[in-house]
Amino acid sequence: MPERELTFAQAVREALAEEMRRDPTVCIFGEDVAEAGTPFKVLSGLVEEFGSERVIDTPISEAGFTGIGVGAAMTGLRPVVDIMFGDFLTLTMDQMVNQAAKVHYMSGGHWKVPMVVRTTMGATRRSAAQHSQSLHAWFSHVPGLKVVLPSTPYDAKGLLKTAIRDENPVVFFEDKMMYKLKGPVPAEDYTIALGVADVKRPGDDITLVATSSMVQVALGAATLLEKEGISAEVVDPRTTWPLDEKTIIDSAKKTSRVIVLDEGYGRYGATAELAAVIAEGAFYDLDAPVKRMGAMHVPIPFSPPLEDVTVPTEEAVFEAARAMCGKS
């Protein structure tokens, strides 16, 4: 029987549908999530199956409906709050950072917030400075929040199901440029544990630690490197918190050279944390300093030629890895 393939968007939709069928407390709300199915059409068809009492269109108030999500989660539901563009997370910061992340701690364990915030990240869609940012590092910085960054349809479905079943608030970032990416997704029920990295490609000469969309960039660069006789290992953390430090450090020790790739801003970003973990855990095994590659420290431009150079590309990673391996 041929392996079943779904797009990234189909995998996300299937995960939501299966969890809503399994658990009547799971509900979705946000802007344009019902009849419109979100601007990216990821949720198309869910309101027809589950009705407008469980797939709820909200007014344009991210702070308001995220707050409703926190309250709903505290009182017995498992809401999936849809934030249309990750840039709009700025409007939810009090609800997420000061409420959702701290309720369990401040109540002495009496309250919990089993809520998922689904949102997007990623540039190169020509959406300009206010609709193209990757802000996952902000939430990874806050105790009490879990942060998920799937890079394949398989991971998207398994990680989202786990996030919905988790007793803690989870922020789930989907790269908007990956919704049409296809990959194998089992038809049977499965979950993927949070905090478990995945070696997407084994290698011996250099490690590419990559998140979200940068996993596909790293895999493309690894293919180019193979033609040069360089064996690149690609490690996908899958979650920035909890973080599987052991898998990352073990790979760094094996290859002795590491490039960390992330589409967020480089300054004080995910690349900095990952590089620090590697430097602390594998320092005496490294043959070169850990190199970081992230988004340039500028607002994402609308101009296509300018936007395209603000985030790492396969060619840029290829050249950096060649140089690190002494083959430039």
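Model, not experiment: these values are computed from the prediction.
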| Parallel, tilted or perpendicular: ring planes of Y179 versus F40, cut at 30 and 60 degrees | tilted
| said: Quick one, Q99 and D94 - any side-chain contact, counting heavy atoms below 4.5 Å? | reply: yes
| said: Show the nearest heavy-atom pair for residues M74 and V103, with the distance to one decimal. | reply: CE-CG1, 4.0 Å
| query | Crowded around Y190 OH? As in, over 12 foreign heavy atoms under 6.0 Å? | reply | yes
| message | Tell me if a side-chain donor or acceptor on T162 pairs with a main-chain N or O of I192 at a distance below 3.5 Å. | response | yes
| remark: dist L149:CG -> S212:OG (nearest 0.5 Å) comes out at 5.5 Å
| request: Establish, from distance only, whether the side-chain atoms of E233 and T255 form a donor-acceptor pair under 3.5 Å. | output: no
| said: Side chains of V113 and H104, heavy atoms from C-beta outward: is any pair under 4.5 Å? | reply: no
| remark: Heavy-atom nearest pair, P24 first then R22, reads CD-O, 4.0 Å
| query | Salt bridge between D23 and R165, side-chain N to carboxylate O under 4.0 Å? | reply | no
| message | Quick check: closest heavy atoms across G229 and D205, and the distance to 0.1 Å? | response | O-OD2, 3.8 Å
| task | Supply the atom-to-atom distance I83 CD1 to L91 CG, rounded to the nearest 0.5 angstrom. | result | 8.5 Å
| task | Enter the distance from K157:NZ to T152:OG1 here, rounded to the nearest 0.5 Å. | result | 12.5 Å
| task | Taking the side chain as every heavy atom from C-beta outward, state whether F65 and I56 have any pair of such atoms under 4.5 Å apart. | result | no
| Between F139 and F172, does the ring centre distance come in under 6.0 Å? | no
| query | Residues two or more places apart in sequence or in another chain: which of them pass salt bridge (Lys or Arg N to Asp or Glu O under 4.0 Å) with D250? | reply | K246
| task | For side-chain contact (heavy atoms from CB on, under 4.5 Å), just list the numbers for E307 and I300, CA-CA rounded to whole Å, side-chain angles, deciding distance to a tenth of an Å, and then say yes or no. | result | CA-CA 6 Å; E307 183 181 24; I300 305 298; 3.8 Å; yes
| message | Please check: side-chain N/O of T223 versus main-chain N/O of L219, any donor-acceptor pairing under 3.5 Å? | response | yes
| task | State the CG-CD distance between L261 and Q216, to the nearest 0.5 angstrom. | result | 12.0 Å
| query | Are L46 and R13 close enough, and set up right, to give a side-chain contact (heavy atoms from CB on, under 4.5 Å), and what steps lead you there? | reply | CA-CA 8 Å; L46 292 184; R13 185 187 306 117; 4.2 Å; yes
| request: Name all residues meeting the salt bridge (Lys or Arg N to Asp or Glu O under 4.0 Å) criterion together with K102; count only those two or more places apart in sequence or in a different chain, and write none if there are none. | output: none
| task | Verify, without hydrogens or angle tests, whether T271 (side chain) and M293 (backbone) share a donor-acceptor contact under 3.5 angstrom. | result | no
| query | If you measure from CG on D175 to CE on M177, what distance do you get to the nearest 0.5 Å? | reply | 7.5 Å
| request: Would you indicate whether the side-chain heavy atoms of R118 and V12 approach each other to under 4.5 Å? | output: yes
| field | Side-chain heavy-atom pair R322, L225 within 4.5 angstrom cut-off | value | yes
| Under 3.5 Å, is there a donor-acceptor pair between the D87 and Q130 side chains? | no
| field | Side-chain donor or acceptor of S132 paired with backbone N/O of A128 under 3.5 Å | value | yes
| field | K41 with D32: basic N within carboxylate O range, under 4.0 Å | value | no
| field | S231 (side chain) donor-acceptor with D204 (main chain) under 3.5 angstrom | value | yes
| said: Main chain of V196, side chain of D244: is a donor-acceptor contact present, judged purely on distance under 3.5 Å? | reply: no
| said: Give me the atom names and distance for the closest heavy-atom approach of V185 to A11. | reply: CG2-CB, 4.3 Å
| Are any of the side-chain heavy atoms of L181 and P153 separated by less than 4.5 Å? | yes
| Within a strict 4.5 Å, meaning less than it, do heavy atoms of the M20 and I28 side chains meet? | yes
| Taking all atoms of both residues into account, what is the closest heavy-atom pair of H136 and G264, and its distance? | CE1-N, 3.9 Å
| said: One pair to check against salt bridge (charged side-chain N to carboxylate O under 4.0 Å, His left out): D236 and R201. What are the steps and the verdict? | reply: CA-CA 9 Å; D236 177 5; R201 174 178 175 143; over 6 Å; no
| message | Assess, by modelled atom type and distance only, whether the side chains of S140 and T240 contain a donor and an acceptor separated by less than 3.5 Å. | response | yes
| said: Strictly distance-based, threshold 3.5 Å: is any side-chain N or O of K254 a donor or acceptor partner for the main-chain N or O of G203? | reply: yes
| said: Please list all pairs meeting salt bridge (Lys or Arg N to Asp or Glu O under 4.0 Å) that have one or both residues in residues 133-156, counting only residues at least two apart or in different chains. | reply: K146-D166, D155-K200, D155-R238
| Do side-chain atoms of R78 reach the backbone of I164 as a donor and acceptor pair under 3.5 angstrom? | yes
| request: Please list all pairs passing the ring-ring contact (aromatic ring centres under 6.0 Å, His included) test where one or both residues lie in residues 223-282, with sequence neighbours left out. | output: none
| Can any side-chain N or O of K176 pair as donor or acceptor with the backbone N or O of G122 at less than 3.5 Å? | yes
| said: Could you check whether atom CG of L306 has more than 12 heavy atoms from other residues, nucleotides or ligands sitting under 6.0 Å from it? | reply: yes
| field | Close side-chain approach of Y154 and D198, heavy atoms under 4.5 Å | value | no
| For H110, does its backbone N or O pair with a side-chain atom of S107 as donor and acceptor, under 3.5 Å? | yes
| query | With sequence neighbours left out, which residue pairs that include part of residues 50-60 fulfil the side-chain hydrogen bond (donor to acceptor under 3.5 Å, both in side chains) condition? | reply | none
Which donor-acceptor pairs under 3.5 Å do the side chains of residues 274-285 make with protein atoms, sequence neighbours left out?
none

| request: Verify the neighbour count for atom CZ of R267: are there more than 12 heavy atoms of other residues, nucleotides or ligands below 6.0 Å? | output: no
| Got a salt bridge between R21 and E18, using NZ or NE/NH1/NH2 to carboxylate O under 4.0 Å? | no
| What's the shortest heavy-atom distance between G69 and V81, and which atoms? | CA-CG2, 4.1 Å
